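The next block holds one structure in the form of structure tokens; read it before the comments.
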Amino acid sequence: MNELYVGALINGLLIGAVYALIATGLNLIFGVMRVVNFAHGEMVVIGMYMGYGLWRLTGWPPIATIPFALIGLFAMGYGFQRWIGNAFVARPQHVQFVLYIGLALVITGVHAVIFGPDPMGIQSAASFDVYRVAGLRIDATRLHAALAACVLIALLWAWLRFSLTGKALHAAADNLLGARAIGIRTNHIFALAMGMGAACAGAAGALLAPLYDTQPYLASEFTLLAFIIVIVGGLASLPGALLGGVLVGVAEAFAAVVIEPSAKSLFSYGLLIIVLVLMPQGLLGGRQGAGR
Amino acid sequence: MSRQWWAALVFVAALALLPLGASDYLLSALTLVFIAALVGIAWNLMMGFAGQLSLGHALYFGVGAYTVAILAERYGVTPWIGMGIAFAAGAAIALLIGALGFRFAVRGVYFALLTIAFAEFGRIVFEHWSFVGGTGGFYLKALSATNVPLISLRGGARFNYYALLVTLTFAWWLSVAVVRSAIGYRWRAIRDDEDAARALGVPAFRLKLLAVALSGGLTAIAGGWSGLIGGSLFPDSVLGMRLSIDFIVAPIVGGIGTLFGPILGAFIVVPLNEWSRELAQAAGINGLNLLIYGVLLMAVIIVAPQGGWPWIARRLGLVERVPCRPGEQARNGVAIAASDSTTGDTHGQTSGRTQGQTPSRAQGQTSDRATQ
Amino acid sequence: MSALLSVDQLQSGYEGVAILNGIDLHVDRGETVAVVGANGAGKTTLIRTLGGLLKPRAGSILFDAKEMAGSASDRVCEAGLAHVPEGRQLFATLSVEDNLRLGGHLNRSRARMVRNLTRVYDIFPRLGERRRQQAGSLSGGEQQMVAIGRALMAEPILMMLDEPSLGLSPIMVATLFDVIGQLNRDGISILLVEQNVAESLAVAARGYVLENGEVVLAGTSAALLGDDRVRRAYLGL
Amino acid sequence: MSAILQLKGVTRRYSGLVAVSDVSFDIEQGSITALIGPNGAGKTTTFGMIAGAISPSAGSIHYEGVRIDGVAPERLCAMGIARTFQIVRPLQGMSVIDNVMIGALNRTSNLKIARSNALDLLDRVGLGTKAFEMASNLTLPDRKLLETAKALATGPKLLMLDEVMAGLRPAEADRVMDVLSAVRAEGVTILLIEHVMRVVMAIAQHVIVLNHGELIARGTPSAIVTHPRVIESYLGTKAIHP
Amino acid sequence: MTGKHPSLRSDRRRLMKWAGASAALGSLSFPALVRAQSGPLKVGVILPLSGVLSFPGIATRRGTELAVKMFAEQGVTLDVTYADYESKPENGRVVAERLIRDGCTILIGAWDSGATISAAQACEAAKVPLVVNVGSARQITEQGFTQVFRNFSPSDDIVAHGVQRFKEILRPGFEPKTAVVLHVNDTFGQATSGAVKALWEKSGMGIRIVDMISYDARARDLSVEVAKAKASGADLVAPITRVNDAILIVREMVKQDYNPMAIYGPSSPGPYEKAFTDAMGKYANDYLVSVPWYDASRALTKRVLDRWSKAYPDGRFELNSGFGWESIQVVADAFQRAKSNRSADLHEALRQTHINDHIMAGGPIVFDGKGQNPNIGIPLLQVQNQEPVVVGPKDAAQAAVKLPMTRWSERA
């Protein structure tokens, strides 16, 4: 039984790191623009298809897809925001909502048209690799994905923290008027934030491709998952996203062990409701900004 | 009677005469349109007039559907009563969510996410609740030969069509009555600026709860009808997130905060969906419908972010003339766009942006709008 | 000598509301000019329009012989027109130094960044001491210094200050106006927008009085301070 | 004359920063009182605390003998306290008359009566011709007038105006002053934050001066303008010797 | 994509029809009701061709299309229209109504139980018979529908048959004492797991169910579920799955090196699908399942299989395609006997159905008073060499059952 709990904990931690990468993207977008990207899960799925497609074409492991997913999704996110999204930043939420839902539908539709509705799994000999540590079996694919996710989050964090452009993102999140007053091109910054957020989602998707079978209709679940993590961790807080991701990953794993696996999301939504009502800033959302 | 009322009357009369020459399929499709319009009206009361964004209306819809169906099937309670209970159940749940949200000042995006959380929570509960059939679903018995539609409220396509037409007309009338009453004025004040409204003596908490309850109750009735018509209920199909999203697209496309918008939106969105599905099927390309639907949705919101009705109303001259005091005709000669058919560009945005901001950001925002 | 900044029949406003109804003003090279007026007279709208934050509806903004009307704020900054916004609008959660660095984000050269930082710390030694502190935690006066320092980082030819004395103690205000005078002597032209009529006209050579989006009075500071209307309306005398 | 409003030791802190510190004053029934002071002196915070938008950190506020600090704004409005906002906040999605009707509905739930009351008020403040325009289309001076009309429509006993004259032309300000005088003549007490000294001098019976969150002087307008601390902190020393 | 949708290539005609239909809907005109009295029979087939259920939906459609082709060669011409409800059960009714509007006088559908009942409501109202191809909820024939004819077994029947088959393979050396049920929490999973719980303990197999683990139908990761099953220490794992989750479960079992005596899916789709055997390779072997299946010994079945392998060389003929095929057989048979395309005549003919020569295991196709075919055979299948083969009952077995299953680590 002990093995079960420790196994669930490790599993939750590892998948939580990948969740955190998804949520970090959502958070970055929200932090800078105060726009909720309802197409976030769809962007994850794009990354998954990129991972799957590259694996099918070349046999490369999906981790090798990360540069492609980063670049591809960044370009997409940037372009969308620059040409379409920016006009909506100052619009009412419900209007933004429809725009991003529209985008989500388009992406899902394109996936279905190109790849069909069937789930596509990546499976090679490596899929069954495990690391044995002290009697525990740790899924290699999952561990690699978690490590890659952590590295990406760290890189993003460092970029936001130390580069001038990263600081400009932070500045725009902090004080839009001030940013514009000193000549920061907010149109570019917004597009950059959307691009980076999308790139996070895409990279997470590439990492998930060997873990979950890719399907066009998976997306909304990822979106909801990212919402939960971001709210629980704290909107616009990067460590919050990391904490939230791991917390939700572990909580779901434990909920699956302790209660019914099919009801495990009940736990996440319950957590979401409690945090929304009692701690609307989230666990780590007390401070504001994209980079701290 | 104003031109708006005449237009409504003509519209309802045309719809009432339609079944004389239409096929069951067309009637059923229109019944779906009516259900979408009904939910749209309900959602619009909450969002368009009281300014509270809900993305979890499927919860009320599903609860209504299950309430009416289970009462009828298991306890033999006529849906006439079941609809009332469904309304009460939907309103009660909405009150609970609203009270929790408003009491703890959960606003804007956060309130929307709270409604999603409750809806998904509700769906999962229903999926694991054997009393309602869980994921196995809940089914209504086939209609017997002795069925009297007016008692069981179940019948063929034509009956369903008229039933929904009557319900929709009633709901529309109700929404007009409420929106044109003092309550409606105060709702819009809350929507535009809650703090300012409260300073003018508007009891925002109570009125927001009223909006939420009315909206939840009406949505539950729509759900009740949908359950009676479909005959089979599954948590995922009557309580799912997808439904919540479908619900709000129509009123947004039609024009939020307008009385005709949700109906117009339903007449645009439902056939559009149906049409794109048929196109995808005819072409044999899976997902083409989503692609078309998504592109059109984005196109609509980019071209007409205020929705279709304000645009049409202006062109048809169906705008409201504000009633005036006797002897002041000259002043009121200028017809203005119906005050209920325009939405502030900023509402929702402000409330959504204030939470979770440092003072500096909030200040930046407000002074941005201040006109110095 | 031709004017460094010359504004001709400028009209501007927000969503459907006209605020500026045709403003004419000019700032010569090396000059300090004050624009005074009550709350709501259109001062901030003027500054934001000049700074590229608002698109003018009509009129021209000629800066350093280049047409700036309709240019975005990055082009305006690049041209050497810096904007110290009302309420300072610092990046409260970033450090003082990060705020300053962002002010110089348009100069991509590292050496210039360092040089400019040194210059700002020379002018405001207090900021050097507090370079690692979060900008939001500073006092009002220090924040105003950061705001000015941030604008200096862009190596401006003309600096526009919007209500810099807002919320500052009298001593701070005095210090501030001293600094403004110093900057001017260093060769930066100043366009000062203030409610504090007496102080700002004292530091400026010329002034404009703005009312309801129009220039109602213009002249040398001394003339304006001596004008009965100004004295009655703004000085309470 | 008795005090309609009493502030006792009212203090408001924001995370360490003291915006208003230990402010006490009374406002006489039926008077016009002006609250002045430099920007950031704590006037608007004081205002917000009286109007229920902000809760004081310490101290108490009594209105007609009832303690009201922490009471919700809509209840205060029902009790007869009406306010305007410094940053004018017309309800953007509504017409001018609808804006005023929201206030009028505080006194009656009959829409016809509320509408006619609102029209009367709009006529009174000089916005009658613009009653059916969208509030978002008004110019700034008109928005200021609309704010006043909205507040008046609630039927206040205490009317609180935050910089309502700012940005008005002298002629417009005169008109508002006439309205205010008339309102006062009906027995309404008025508290206003004002920058335009001409206005303060003309219509206020009492002036309260705040600086850095502290009350530094109070008295008649003529006494205040010669008060050395006021001159030093607010009007500026140089103002006296141009 | 196009390979899966053969209709794409030659469908200008349908596109024209669609254009007409959508124009009618768009302009709210009044299309006349088309109900021909003679001529070819218009059949409407309701399937989930997109959405989460599209995988089996498309397999069913292929079987259906093959049957249409084969019967046409025999002179029975059916004009078939397919309608997709996008895996949303609530769409069943509208889709059925659309088909009826288009003049279909008999419908086939709807693969999913919920959609079937939803469509049945429309059929009941219009008095148009509905031949159920796949759909295992007992309620389909228990709701009082008069127009429903189901050529598929309710899940509890399948489970009960499965118990018999499973008992037959128990022998010394293979006597599991405990079992853990892993089931998808959807309509089908809930019904089947309920039946397993009700029937196994009183079946005298001596197998105790130690845990019932339900997981979400959209679950993407079953590692914790499998860990939980492993922790239960059960001898037998009984997954009730669709195809994807079957893959996830076995993959996790391999990773966690969980080697029960057997994996046996009662009434469970998945392991016989090509997607499963392709994905799992050697790890697919030894998996047992009891489902309705085709009887490969019959000449007709051999012919169908032959045609199938030519038409879909990349696909496997299995139960969905099999029942898809048989649904057309039932309709064609009724049409021939009724000699009419009127719904009432077809309904009468369907009630008299008695088809001896068909492809799925079991007795002749007949329908009882509730419209249920009680003669459906449920063999036991095992994946051997990455192909499903019948291993029980003995008289139908194509190969001997291999038990207990080979440990994952010892598979070559």
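Within every chain, numbering begins at 1; the chains are lettered A, B, ... in the order of the sequence lines, protein sequences first and strands thereafter. None of the values given here were measured: they were computed from a predicted structure.
With a 4.5 Å cut-off on side-chain heavy atoms, A/Leu70 and A/Leu152 count as touching.
Among the candidates C/Val84, C/Leu53, C/Val76, the residue making the largest number of heavy-atom pairs closer than 4.5 Å to chain A is C/Leu53. Your options are C/Arg75, C/Met160, C/His83, C/His105, and the one with the most heavy-atom pairs under 4.5 Å with chain A is C/His105.
For chain C, the nearby part of A/Thr165 is the side chain; its heavy atoms alone come within less than 4.5 Å.
In this view, A/Phe74 and A/Tyr78 satisfy the ring-ring contact (aromatic ring centres under 6.0 Å, His included) rule, not counting sequence neighbours.
Applying the salt bridge (Lys or Arg N to Asp or Glu O under 4.0 Å) test to pairs two or more places apart or on separate chains, none has a residue in residues 143-152 of chain C.
Between C/Arg29 and C/Asp64 there is a salt bridge, since at least one side-chain N of the basic residue sits less than 4.0 Å from a carboxylate O of the acidic one.
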